[in-house]
Amino acid sequence: MTAPEVKLFNTLTREKEVFVPLTPGQVKMYTCGPTVYNYAHIGNLRSYIFPDLLKKLLAFLGYQVTQIMNFTDVGHLTSDADAGDDKIEKAAAALGKSAWDISKFYAEAFKQDISALNIAFPSRFTYATDYIPQQIDLVKALEDKDLTYANEDGVYYDTAQFSDYGKMAKLDLEGLQEGARIDADGKRNKTDFALWKFSPSDAQRQMEWESPWGKGFPGWHLECTAMIFAELGPTIDIHTGGTDHIPVHHTNEIAQAEGATGQPFVKYWLHGEFLVLDQNQRMGKSEGNFVTLQTLIDAGFSPKAYRYLCLTSHYRHFLTFSQDNLKAASTAYFKLKRTIEHLHAQDDRHPEGAAEYREKILNALCDDLNAPKAVGLIWDLVQNDQVGDAHKLVLIREFDQILSLDLLNFTDYPELLLQIPDEVQSLAQARWEARLAKNWAESDRLRDLIQAAGFQMRDGKDSFELVALDA
RNA sequence: GGCGACGUAGCCAAGUGGUAAGGCAGGGCUCUGCAAAAGCCUUAUUCGCCGGUUCGAUUCCGGCCGUCGCCUCCA
């Protein structure tokens, strides 16, 4: 069969476009990574699932994919005003550790989180602090093109000099409302942003570097552009991130990159929509309604169930998160695995039916990563008795390379991972024996005790099983 | 104020100019000492509201209502 076209919704054009790589067979992609001053919350983590899907889909189709993901490990200001605190240095001070320790610690925690979610590591992780010379060079390049100016605060990008500024975001520059916390003093245009910030004269920063303009640290938008240039070159195929980055961060990246090189920066910009809470509130590090992956694990959920939940919603749509939704996803997820587990590998009837599903599922994924549709088709497939189970299993193995839901791993059911207290274990044993003796009264009495201890006993033909009751 | 997105069953969520995938929850049946689990079956005459285009719209166009996001570090 011929490989289908991949269509991606490109923020630049606000349309689905057929993906054509810059170099045939190769894909250069960059994924905006986290600022590591705290744990990632599940909303953050969601936005790394769709690039993972994309990367795996492209690899599946035979492309050679190079993906870079960064860690913003240098602190930036909480606002562009001079008075802002540096998040990393702030966290470091609060915990009595160095800024370097903080960023390293949370970068490692992030790697663990994405591993738990079966998000494959990029070809390389890059750390902003490893690219300070490149960032300085980029500012120099912009300076040479007369796109910068310096003030007391630092070196700024003069966005009025870049004709396409704000094009992707469709910014109405006149209509932008200056935020109450922005200190516009010293800026020529309200959209100007810092390329290099000077260290404060009255305080010692932990992270600061010498530069041609004075001691300081790079502006936030600079690092992504510099690292992309260093690792992937002046023009790349795909750049991913959250929708919140469209108007500022990515707009500024484009201004920096295209201002410096005069060449197109990114061919396809992909943005993931936010996860929101029940009341349609966004989850944010600043909002205080922060749920981490560990929170879910502690509540008894599998990280894969969370991945499943994310895959049942399109990446460009809001995903409403609630404990109930996750519970429903988790139930569905493990039920799907059980269904797959019970397929019969010897049943090889109707290969043509399987071929049809293969095409449909692949088309769904190629259509701007329509994972929800693909998951629906997987359900359809496993329940379709017109297709031989053996063929179903082949397809599931194939597509799980992309979906990464561990659909063929039958050893991670929640009940198998349970720690069952000895006393519950012996109660269960006693009940089993009472049952065999047809002593129903005693059997029911013991079942009540087991339930009171938080477990449910499932009677099988020759054995029983204990599962935790919902809290 | 500017820009943008969304509104499909109790809940989550696909989708198409030709009459609504899938999942969860619910209901029924089978199984079971009774349960649970599992299996089978079932669940929207209808897609926020009102107009328009059309033989026909949930799907296209216009208006309205509602919700949310971004414009400030944030995925």
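As a basis for the values below, the full set of heavy atoms in this structure was taken, side chains included, without hydrogen atoms, waters or symmetry mates. Note on naming: letters A, B, ... go to the chains in the order of the sequence lines (proteins, then strands), and numbering restarts at 1 for each one.
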I'd like to know if the side chain of [X] pairs up with that of [Y] as donor and acceptor (distance under 3.5 Å, no hydrogens or angles considered).
X        : Y        : result
A/Asn189 : A/Tyr165 : no
A/Ser115 : A/Asp113 : no
A/His271 : A/His250 : yes

Base-pairing assignment for [N] (Watson-Crick or G-U wobble, both under 3.5 Å):
N     : answer
B/A44 : none
B/C29 : B/G39
B/G18 : B/C55
B/C49 : B/G63

Just call it for [X]: base, sugar-phosphate, or nothing, with non-hydrogen atoms closer than 4.0 Å on any strand.
X        : result
A/Arg447 : base
A/Leu275 : base
A/His245 : sugar-phosphate
A/Arg338 : nothing
A/Gly43  : base
A/Ser322 : nothing
A/Tyr48  : sugar-phosphate

Could you tell me the separation between the [atom1] atom of [X] and the [atom2] atom of [N], rounded to a whole number of Å?
X        : N     : atom1 : atom2 : value
A/Gln456 : B/C34 : CD    : C1'   : 13 Å
A/Asp462 : B/U32 : CG    : P     : 14 Å
A/Tyr165 : B/C71 : OH    : P     : 12 Å
A/Arg445 : B/G33 : CZ    : P     : 21 Å
A/Leu277 : B/C12 : CG    : C1'   : 15 Å
A/Asn439 : B/G33 : CG    : P     : 15 Å
A/Phe193 : B/C71 : CZ    : C1'   : 16 Å
A/Leu446 : B/C34 : CG    : P     : 19 Å

Closest to side chain of [X], choosing from [options]:
X        : options             : answer
A/Arg458 : B/G33, B/A75, B/A37 : B/A37
A/His314 : B/A14, B/G4, B/G22  : B/A14
A/Asn370 : B/A14, B/C24, B/G33 : B/A14
A/Thr331 : B/C24, B/G33, B/A21 : B/C24
A/Asp444 : B/G23, B/C34, B/A37 : B/C34
A/Asp459 : B/C34, B/A75, B/C70 : B/C34
A/Asp244 : B/A75, B/C24, B/C34 : B/A75
A/Arg431 : B/G15, B/A75, B/C34 : B/C34
A/Thr320 : B/C34, B/A75, B/C12 : B/C12

Using the [atom1] atom as the reference point in each nucleotide, state the distance between [N] and [M] in Å, no decimals.
N     : M     : atom1 : result
B/C41 : B/U46 : C1'   : 23 Å
B/C24 : B/U32 : C1'   : 25 Å
B/C61 : B/C6  : P     : 12 Å
B/A14 : B/A9  : P     : 13 Å
B/C47 : B/A20 : P     : 12 Å

Problem set entry | A/Trp379-B/G22 aromatic stacking (under 5.5 Å, under 30°) | no
Exercise. Is there ring stacking between A/Phe318 and B/G69, where the centres must be under 5.5 angstrom apart and the planes under 30 degrees?
Worked result: no
OP1, OP2 of [N] versus side-chain N and O of [X]: anything below 4.0 Å?
X        : N     : result
A/Asn325 : B/C12 : no
A/Gln383 : B/G23 : yes
A/Lys335 : B/G23 : no

Exercise. Under 4.0 Å between a Lys/Arg side-chain N and an Asp/Glu carboxylate O for A/Asp385 and A/Lys392?
Worked result: no
Exercise. Salt bridge check: are A/Arg358 and A/Glu398 linked by an N-O gap of less than 4.0 Å?
Worked result: yes
For this session: Could you check A/Ile254, A/Leu270, A/Thr11, A/Ile228 and say which one makes a side chain to side chain contact (heavy atoms under 4.5 Å, CB included) with A/His239?
Result: A/Ile228
Exercise. Is the A/Phe71 ring parallel, tilted or perpendicular to the A/Phe110 ring (thresholds 30°, 60°)?
Worked result: perpendicular
For this session: Can you label the angle between the A/His245 ring and the A/His249 ring as parallel, tilted or perpendicular, going by 30° and 60°?
Result: perpendicular
